[in-house]
Amino acid sequence: MEKPIITKADIHDIGGLFNKPELHEATFIIFGATGDLTMRKLIPALYNLCVDKLLPRDFKIVTVARSNKSLDSMLARFKSGVERFSRNKLNDDCWQKMVDRISYVQVDYDRQESYETLKNELGITLPENADRHYLFYLSTPPTSFQVIIDGLGKSGLVTPAHHKAGPPTRVVFEKPFGRDLQSALALNELAHHYLDEEQLFRMDHYLGKETVQNILIFRFANSIFEPIWNRRYISHVRITAFENIGIEGRGAFYEEAGVIRDVLQNHLLQILALCAMEPPNSFDAEHIRDERAKVFKALRPLDPYALRNDVSLAQYEGYLNEEGVAKDSKTPTYASVKLFIDNWRWAGIPFVLSTGKNLKKKMTQIEIVYTPVPLCLFKENDVCMKLEPNVLTIRIQPEEGISLRIGTKTPGEKQDVSPVQLDFDFNQSFKEKAQQEAYEKLLLDCLRGNQTLFARQEEVEHMWRFVAPLLEGVQSGQIPMGNYVAGSNGPEVKP
Ligand code: BG6
């Protein structure tokens with residue numbers, strides 16, 4: 001007998017929507033099925049969950065897009081996605097199980113009748129289907145979110161949980177949630193018209209990464225760090241997410257997004273929140289989300305007059321030749337921002353967030369740089385000059401782990417000091433434990449109704465509010481745009 005997806009331990013379920021001892025029937029409806037994300041991430045994640053027997057016994061995957069496609073061509077695309085991107089190798093039996101459950105429906109997002117077709121395909125008729133759970137995943141560009149939510153709402157495919165009028169439904173929004181503050185506000189309002197907040201899952205796959213989840217464990221399962229986790233001992237914090245890949249054929253999407261909407265507004269700010277937040281009252285979703293939101297609320301607004309000094313934006317050379325990119329595009333592919341959190345713990349401490357595409361090395365990490373020793377006790381001037389501050393580095397990916405740089409005596413006659421690393425390597429320590437991919441973890445959390453790793457309404461609004469001057473600065477040309485050579489360490493100018 002296959003494992004039930006819901007166990008008693010999961011009955012943290014907000015609102016009690018999915019609050020059942022077991023969940024045996026679920027349908028995933030993926031909008032934007034012809035897109036990159038569905039092929040690279042969503043189908044491979046569902047495949048891995050299927051292999052690990054973590055999906056409900058009776059699951060279906062209804063893939064949806066605007067194009068007229070045959071199911072066979074979609075299946076071929078999905079299969080190649082699993083072959084290329086899944087952590088488990090393609091196994092014919094498991095793949096056949098997926099094939100038997102995948103369908104494709106063409107939906108014109110703007111036409112209400114299309115949602116009726118979808119409804120027929122899903123066979124939603126009450127009360128017979130009240131046990132089946134429906135998870136709508138919007139993996140389209142954010143510009144389509146509004147019209148899809150409206151279509152789903154008007155057709156009754158989604159209903160507010162508290163009405164208890166339809167089968168249990170949830171909606172997942174791929175990031176970015178909107179294009180800016182105004183569109184995020186409008187989208188939240190519309191979504192709340194048709195659904196309750198407990199049914200809304202604003203995705204940020206970084207929150208699902210093991211090493212990102214480990215930030216809170218590291219901070220709150222170890223008593224030695226908390227006393228020195230503040231402005232008295234830390235001089236600054238650097239959060240970096242460099243990629244060695246370019247835009248990978250996603251020109252049209254990237255022109256709309258740029259690095260600010262694609263990574264800075266969500267992934268980097270969420271990592272920042274986990275590093276900077278206060279200890280939550282408990283690990284319950286709402287307590288954690290409260291604390292993340294408080295960090296966003298305390299972000300000092302970027303001063304439009306200081307943008308030139310505190311922000312570097314750049315584009316890699318060759319970006320303009322990418323398919324789907326305008327020849328005179330001003331879209332930044334690199335951004336570095338110095339920011340401050342105006343609260344008691346962090347007052348006056350700079351956080352530098354940097355991210356870019358097509359750089360030399362893929363590397364996402366947090367560096368907590370400690371204050372220098374107050375007095376150099378080694379008489380020799382050259383030794384004092386060499387003293388380096390302690391740096392705690394949390395490596396999110398690759399080479400996942402944590403290291404601490406300390407000064408140590410260099411063997412020999414002299415009182416010399418050298419920096420060395422105390423190192424923890426995730427993969428070495430947990431060799432036998434395969435790491436679940438972020439999308440697997442998050443899809444399961446959606447099914448279980450656990451919203452801890454999803455942004456709550458005000459989180460996304462605060463994040464958009466914070467990046468608004470950057471988006472305006474790019475548009476108006478107020479922030480100068482540099483260049484960098486693809487495959488390099490990025491632009492020289494940094495805050
Ligand atoms: C996505 C962005 O959210 O994150 C991509 O849209 C980026 O542009 C990707 O490449 C990076 O994710 P990861 O998990 O590979 O670091």
Side-chain angles (χ1 to χ4, degrees), residues 32 35-42 44-45 48 81 84-87 137-145 172-179 201-215 239-272 274 314-316 319 322-325 329 331-335 353-366 394-401 426 435-443 453-455 460 463-464 467 486-487 490:
D36 221 42
L37 187 84
T38 305
M39 188 254 298
R40 278 175 190 256
K41 297 287 185 189
L42 301 180
N48 285 322
R84 290 165 61 199
F85 303 112
S86 157
R87 88 185 147 78
Y137 198 117
L138 310 194
S139 167
T140 64
T143 39
S144 299
F145 289 173
V172 189
F173 298 86
E174 183 50 49
K175 59 128 270 267
F177 187 84
R179 291 207 78 240
F201 289 72
R202 300 175 189 84
M203 189 77 162
D204 183 323
H205 79 277
Y206 267 53
L207 286 175
K209 289 182 188 279
E210 284 285 355
T211 45
V212 172
Q213 293 177 62
N214 189 45
I215 298 171
I239 300 178
T240 307
F242 283 176
E243 292 186 81
N244 54 359
I245 53 168
I247 55 171
E248 304 223 290
R250 298 189 303 155
F253 161 80
Y254 204 80
E255 279 288 272
E256 281 283 309
V259 70
I260 297 169
R261 293 185 177 92
D262 192 37
V263 174
L264 185 81
Q265 182 267 349
N266 30 74
H267 303 330
L268 285 198
L269 286 181
Q270 285 290 0
I271 294 180
L272 170 79
L274 297 174
Q315 195 180 70
Y316 63 81
Y319 175 73
E322 300 270 13
E323 204 186 321
V325 168
S329 170
T331 304
T333 61
Y334 173 97
L353 274 47
S354 309
T355 178
K357 288 222 175 266
N358 237 335
L359 293 161
K360 193 167 175 184
K361 205 172 154 213
K362 182 171 175 75
M363 173 194 71
T364 306
Q365 65 180 26
I366 303 154
I394 302 178
R395 296 188 304 274
I396 304 292
Q397 62 186 23
E399 295 155 23
E400 293 81 358
F426 234 94
Q435 277 194 36
Q436 221 178 25
E437 290 273 339
Y439 276 93
E440 296 170 37
K441 160 83 181 138
L442 295 171
L443 280 168
L453 302 178
F454 297 85
V460 283
M463 291 192 277
W464 280 121
V467 299

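What you see below is based on every heavy atom in this structure, not just the backbone, and it leaves out hydrogens, waters and symmetry mates. Order of listing sets the numbers, starting from 1, for every ligand and every atom in it.
In this view, Glu248 and Arg40 satisfy the salt bridge (Lys or Arg N to Asp or Glu O under 4.0 Å) rule, not counting sequence neighbours.
Classified by interplanar angle (parallel below 30°, tilted 30° to 60°, perpendicular above 60°), the ring pair Tyr439/His205 is parallel.
Side-chain contact annotation: Tyr316 with Glu322, donor-acceptor N/O pair under 3.5 Å present.
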Name each N or O atom in ligand 1 that is under 3.5 Å from a protein N or O, and give the partner atom and the distance.
residue  : atom   : partner : partner atom : Å
ligand 1 : 3 (O)  : Lys175  : NZ           : 2.6
ligand 1 : 3 (O)  : His267  : NE2          : 2.7
ligand 1 : 4 (O)  : His267  : NE2          : 3.4
ligand 1 : 6 (O)  : Lys175  : NZ           : 3.1
ligand 1 : 6 (O)  : Asp262  : OD1          : 2.6
ligand 1 : 6 (O)  : Asp262  : OD2          : 3.4
ligand 1 : 8 (O)  : Arg250  : NH2          : 2.5
ligand 1 : 8 (O)  : Asp262  : OD2          : 2.6
ligand 1 : 8 (O)  : Lys357  : NZ           : 2.9
ligand 1 : 10 (O) : Glu243  : OE1          : 2.5
ligand 1 : 10 (O) : Glu243  : OE2          : 3.3
ligand 1 : 10 (O) : Lys357  : NZ           : 3.0
ligand 1 : 12 (O) : His205  : NE2          : 3.2
ligand 1 : 14 (O) : His205  : NE2          : 2.8
ligand 1 : 14 (O) : Lys209  : NZ           : 2.6
ligand 1 : 15 (O) : Lys362  : NZ           : 3.1
ligand 1 : 16 (O) : Tyr206  : OH           : 2.5
ligand 1 : 16 (O) : Lys362  : NZ           : 3.3
ligand 1 : 16 (O) : Gln397  : NE2          : 2.7

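Remark: Asn266 CG to Trp464 CH2 distance equals 7.0 Å, nearest 0.5 Å.
Glu437 has no carboxylate O lying under 4.0 Å from a charged side-chain N of Arg87, or vice versa, which leaves the two without a salt bridge.
Both the sub-6.0 Å distance and the 45° axial angle are satisfied by Arg202 relative to the ring of Phe177.
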